[in-house]
Structure formats: structure tokens, C-alpha cells
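These notes are about the structure you will find just below.
We count ligands from 1, going down the list as the structure has it; atoms in each ligand are counted the same way. Small disclaimer: the values here were computed from a predicted structure and weren't measured.
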Amino acid sequence: MRVLVVGGGGREHALVWKISQSPKVKKIYCAPGNAGTEALAENVDIAADQVEALADFAERESVDLCVVGPEQALALGIVDRFRERGLRAFGPSAQAARLEGSKVFCKNLMRDNGVPTADYKVFDDPAAARAYLQSKDRIIVKADGLAAGKGAYVCQTREEALLAVEEIMEKKIYGSAGDQVVIEEFLEGREVSFLAFADGKSLIPMEPAQDHKAAYDGDKGPNTGGMGAYSPAPLLTPELQGRVMAEIMYPTVEAMAREGRPYRGVLYAGLMIDSAGPKVLEFNARFGDPETQPLMMRMKSDLIPILDACIDGTLKDQRIQWSDESAVCVVMAAEGYPGKYARGKEISGLQEAGEQSGFVVFHAGTSPSEGRVLTNGGRVLGATALGKDLPAAIDRAYEAVGKIKWDGLHFRKDIGRRPA
Ligand code: AMP
Ligand code: GLY
């Protein structure tokens, strides 16, 4: 089998790594990939949002399965386009990916179907949004559309909320993604990520994972794409997992099917857990990054039959085996991320770090250059380790992190250490 993985981050390296272990797979391409995927796959110089060029490539190279990482490609309809051309692609259609691509669509679907989430109002007029905020202080303002993970403003004061409305709706810093905003109630609790495979009707949950969104130790600083992740996440007890499936995942998949947007792919719920139970902060229409890194380390089953079953609607016949071990991924980032950062710094110590057993350095923003590896993004590497329990995995990951260096390296020192 010939597989094309679309994307070039840590998530895609983890997918390539896992897929490379499948006895069914003879050849892997990764577009555009990074210095890490290059060791296991043939990198292809096509950006993840070049849907037509990717389909041309897949046709020419007789690719049997395309696995899509990033949300932009899904929102652009990559899965639809592949299907129209008689190619197989794993992920939701553009219509189904609206669940991530439009907060307004997602919130309305949840409200109409009784899926627990924060109370909210939608505005398309900044003056009306401002008037509504006069009687509020702590509140969340979200751009409707995709904003590279930056469109949600957690506002402690009315002034911050007014500024969010101005940036999103008037300055249009996310372009047309800010034509509408969702203003929603502030939820207290603990966050956890819950990902499941979906085939339009059935679901198979993955093990719970937890990411660390804030840039600095102690959950301080600006939100990022994720500075680290671990699995399992003890916060999500088996009882709570059952509730998440019954109250959130199945009602959402059933509602999407009724709407004529059957959901196939990974359904990722960002959840807030409080004493009353789980509520949805957002849905993503894809594998999480960095959650995928520890999840792929723990998945014992072959990934390929599961991806195939999602496409074919036969997921109910599949089972997924997970390792009892814990896994943790420490993201190693460029100084300044999530703000401005430099690229092109030479990374040292990769080989030495990679020699440890039960450990993989997943690359994210890296590029190969004449035998060297250079930084080429904000999140650069994901040092990912397995261990008999979480503390053992953490020790192993940080031991390897200590061997890797570049000018301006920054990482959190408390990944996985948040109490459950
Ligand atoms: P989102 O992009 O919707 O997941 O939001 C990004 C982050 O903002 C989440 O991971 C939470 O930390 C925070 N957040 C979003 N919505 C809420 C909410 N209603 N209450 C509290 N925090 C929230
Ligand atoms: N880890 C957050 C995300 O993938 O969106």
C-alpha cells in the first residue's frame, strides 16, 4: 500500500512513524513533511493547502490512502476532491469539517441537540456585541472561523472583551473569520482532550490525552498550539469517558448525519470538566497536535485498518489495543513562540537523544540542510517518551530534552506534572 500523509508538523511525523510500522504499507509520502518525516517517508514539496496539486500527485503515484493532518486542507475540501477523483482520503468532508471551521455552526448544532457547552450569543455587528458586553466582565470572545488557534480570547475584564471585538470584527486580524463572533460564558474547571475515530455512524474512542496550551510553566503566558501533552489523562475517569461518549460524541455524530454531513475522520472534543460533568469548549475535525504524539506511541494496533474502516463505514468491526504504559511529549519551541521567532538555527544532540529506548523525537518545524537539521517553525520538536507510569515517562522525556540544543531553545519544565 502507498500512503500520502498531508502536513508537516509533529502530528504528521507521529502519523508517518506509526504508519511506517504497518505491514500493509510499502511506501509513504509526506507533503510537505519535515526533517523527521524524511527518515521514514519521501517528502514531497507540495504545501498542505494545495489540494489540486496533492490530488494530481496522488493520482500520478498511485497513492492508495491519503491521511490529512491540518484543518485548513480539510476546510478546503481535500477529502471531497480526492473522492471526486476516485482517490481515498481519511478525514471529514468540507461540510463535516464545519464543526471546527465555524464556531457559530458548531455552537448552534450543540444547542439544537442538547450537547453540553457554554451559553453563548452570536453577533455579526460590532456595535451590538459591544452593547451586550456592557453588562459582562469575565467572558470569552471567539472569532467564528479558522484563526490558526488564536481566535479565542479569554477575557478577564470588559476592556479586554471590547478589545477582542475590535481586533476580530473591526481590525479583521483574522480576515473574514471575524465576520461573526461567538461571545460565551466563562467555564471553570479542568481541560482535557478527547479524540475518537468516526465513520459517519460509529465511534471508537482513543485514550484520553491532555495538552498544555499556555506558553510558560504553571500555565502562564499566552496560549499556543500546545507545549506538551500526555496520555492517559487520569482526570477523565472511565465513568466520565462513558458520559462524554453518551452525552457529547454520539449525539454530535448523530446530529451531523441528520444534517446530511456524516462525520468521518477524527472527532476531537476539547472539554472542560467541572463538578457537573463535561462540557464542550470546541470541536476539532482532525488529530490534535501534540496529543497525537503520545497517542501514537501508546497505540498498539495497526493504524491503517482503522483509517480504512472510517472511510468504509465499518468501524464497528474494529478494536484498538493500547499500551498500559504512559506517554508524554515535551514540545521544544523557538524563543519568542507563539509570537515572532527566528528560523534556521542548527539543532545539535538529536542523534544522542534518539538512542534511548522507548523514546522518539518527533520533528515539527525542522528542515534538513546538507546533513544538518535546522529550526524552521515555532514548535520545533516533540520529545516523546513511554514509561511504566507518568513520572517514568516524564523522566525519560526530559533526560532526552537535556541532550538537545539550539540557540534560543525554549520548553516547559512542568509537562505532565499538573495534578489530576
Ligand atoms: P478554543 O479555541 O475554543 O478551544 O479555545 C481556546 C482555549 O480558550 C481553550 O483551550 C480554553 O483554555 C479557553 N476557553 C475557550 N472557551 C472557554 C470557556 N467558555 N470558558 C473558559 N475557557 C475557555
Ligand atoms: N492541541 C490542540 C490542537 O491540536 O488544536
Side-chain angles (χ1 to χ4, degrees), residues 7 9-12 14-15 68-72 74-75 97 99-107 110-111 115-121 136-156 160-161 164 168 174 177 181-195 206 208-215 219-231 233 265-274 278-296 329-331 333 338 362 364 378-379 382 412 415 418:
R11 162 183 57 204
E12 287 78 17
L15 290 170
V68 184
E71 61 271 22
Q72 294 85 354
L74 295 166
L99 212 47
E100 174 167 6
S102 168
K103 301 268 189 208
V104 174
F105 170 80
C106 179
K107 293 294 281 190
M110 288 194 278
R111 181 195 55 205
V115 175
T117 188
D119 284 339
Y120 69 103
K121 281 202 182 314
K136 308 277 170 194
D137 35 40
R138 278 181 107 198
I139 203 133
I140 316 290
V141 181
K142 296 181 179 179
D144 172 47
L146 291 178
K150 298 188 190 127
Y153 291 65
V154 178
C155 307
Q156 302 295 342
E160 284 175 39
I168 298 170
Y174 311 109
V181 289
V182 170
I183 300 186
E184 68 180 44
E185 143 202 43
F186 197 105
L187 297 178
E188 307 278 357
R190 304 285 311 277
E191 279 187 66
V192 66
S193 305
F194 191 80
L195 288 75
M206 295 187 222
Q210 188 134 6
D211 77 349
H212 297 255
K213 288 204 164 67
D219 289 335
K220 300 275 174 5
N223 264 350
T224 69
M227 292 301 290
Y230 60 94
S231 172
V266 172
L267 180 59
Y268 164 153
L271 303 172
M272 189 71 93
I273 312 286
D274 68 11
K279 289 199 177 80
V280 178
L281 294 175
E282 65 163 348
F283 279 116
N284 293 322
R286 50 176 175 78
F287 286 99
D289 190 345
E291 292 92 329
T292 302
Q293 289 83 314
L295 286 170
M296 290 303 113
C329 169
V330 177
V331 169
F362 291 119
R379 291 191 291 175
R412 277 182 62 161
I415 300 302
R418 182 162 50 194

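Put simply, the side chain of Tyr153 does not reach to within 4.5 Å of the side chain of Glu160, judged on heavy atoms. The closest side-chain heavy-atom distance from Phe186 to Val154 is below 4.5 Å.
In this structure, CG in Asn223 is found 7.0 Å from NZ in Lys213, a value given to the nearest 0.5 Å. Residue Arg111 holds its CZ atom at 11.0 Å from OG1 of Thr117, rounded to the nearest 0.5 Å.
Of the candidates Asp219, Val330, Thr224, Asp219 is the only one forming a side-chain contact (heavy atoms from CB on, under 4.5 Å) with Arg412.
Any N or O atom pair closer than 3.5 Å counts here, and Asp289 shares at least one such pair with ligand 2. In terms of polar-atom proximity, Lys213 is not counted as a contact of ligand 2, lacking any N or O under 3.5 Å from an N or O of the ligand.
Closer than 4.0 angstrom to ligand 1 sit non-hydrogen atoms from Lys103, Ala118, Ile140, Lys142, Ala152, Val154, Glu184, Glu185, Phe186, Leu187, Glu191, Lys213, Asn223, Met272, Leu281, Glu282.
Under a 4.0 angstrom heavy-atom cut-off, Gly288 registers as being in contact with ligand 2. Under a 4.0 angstrom heavy-atom cut-off, Arg11 registers as lying outside contact with ligand 2. Contact annotation: Phe287 has no heavy atom less than 4.0 Å from any atom of ligand 2.
In terms of modelled atom types and a separation under 3.5 Å, the side chain of Glu12 and the main chain of Gly9 share a donor-acceptor contact. A distance-only check finds no donor-acceptor pair linking the side chain of Lys136 to the backbone of Glu185 [under 3.5 Å].
Between Lys142 and Glu282 there is no salt bridge, since no side-chain nitrogen of the basic residue lies less than 4.0 Å from a carboxylate oxygen of the acidic one. Of the charged side-chain nitrogens involved, none lies within less than 4.0 Å of a carboxylate oxygen, so that Lys103 and Glu184 do not count as a salt-bridged pair.
Heavy-atom proximity to Gly225, at under 4.0 Å, picks out these atoms of ligand 2: 1 (N), 2 (C). Near Asn284, meaning under 4.0 Å from any of its heavy atoms, are these atoms of ligand 2: 5 (O). Those atoms of ligand 2 with a heavy atom of Asp211 less than 4.0 angstrom away are 1 (N), 2 (C).
For atom 2 (C) of ligand 2, the closest heavy atom belonging to the protein is Tyr268 OH, 3.2 Å. When only non-hydrogen protein atoms are considered, atom 5 (O) of ligand 2 lies nearest to Arg286 NH2, 2.8 Å.
No cation-pi contact links Arg11 to Phe287, judged by a cut-off of 6.0 Å to the six-membered ring centre and 45° from its axis.
Ring planes of Tyr230 and His212: tilted class, angle from 30 to 60°.
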